[in-house]
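Report on one structure; see the data block that follows.
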Amino acid sequence: RDPRFHADGGGRMWVEYWTRVNGGVAPQMGAHAGQLHVVRYEDLVRTPRRILADVERFCGLDRHRYVLPAIDADTAARHRALVPDALRAAIAGRAAEVRAQFGYASPAAPAAACA
């Protein structure tokens, strides 16, 4: 019953994991930074054909004709209300720097969490 796992459903631990893993990508690439191609989920679901074409070009792959089903590009809006204030504050604080590296704005910390 470690509180890191159960206090908030594991959310804070997930933020820490995400921050460490994603924050370590660019430094691990070192001299091979030109081999890093960021694909953001939101961009992939919003414009899948464009993003997949970018990946093909980046990887030097031949064009492929993808069959893409209808994708709901706004799943985040449906799930936003499920994020508790404490987790929103953890994301705004701990993950802000790494989120910015990938072009994400950090969510505003709730006023109650800042007090």
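In this text, all values refer to a predicted model and were calculated from it rather than measured experimentally. Every heavy atom of this structure was used, including side-chain atoms; hydrogens, water molecules and symmetry mates were not.
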For Arg63, enumerate each residue passing the side-chain hydrogen bond (donor to acceptor under 3.5 Å, both in side chains) test, keeping only those at least two apart in sequence or located in another chain. Glu56
List in chain and number order the residues that pass side-chain hydrogen bond (donor to acceptor under 3.5 Å, both in side chains) with Tyr104, two or more places apart in sequence or in another chain; answer none if no residue qualifies. Glu42
Taking Arg12 for the side chain and Ala90 for the main chain, is one N or O donor matched with an acceptor at less than 3.5 Å? no
Minimum-distance pair of heavy atoms, taken over all atoms of Leu68 and Arg49: CD1-CG, 3.5 Å
Report the distance from atom CG of Leu52 to atom CG of Leu61, rounding to the nearest 0.5 Å. 10.5 Å
Nearest heavy-atom contact between Ala92 and Ala96 is O-CB, 3.2 Å
Show me the pairs that pass salt bridge (Lys or Arg N to Asp or Glu O under 4.0 Å) and involve residues 25-40, at least two apart or across chains. Arg40-Asp43
For Tyr17, the other hydrophobic cluster members (4.5 Å side-chain criterion, sorted by chain and number) are Val21
Side-chain donor-acceptor pairs of residues 22-39 under 3.5 Å, sequence neighbours excluded:
unit_1 : atom_1 : unit_2 : atom_2 : d
Asn22  : ND2    : Trp18  : O      : 3.0

Roughly how far apart are Ile51 CD1 and Tyr41 OH, rounded to 0.5 Å? 13.0 Å
side-chain hydrogen bond (donor to acceptor under 3.5 Å, both in side chains) partners for Glu16, two or more places apart: Arg20, Arg94
More than 12 heavy atoms of other residues, nucleotides or ligands under 6.0 Å from CZ of Phe102: is that the case? yes
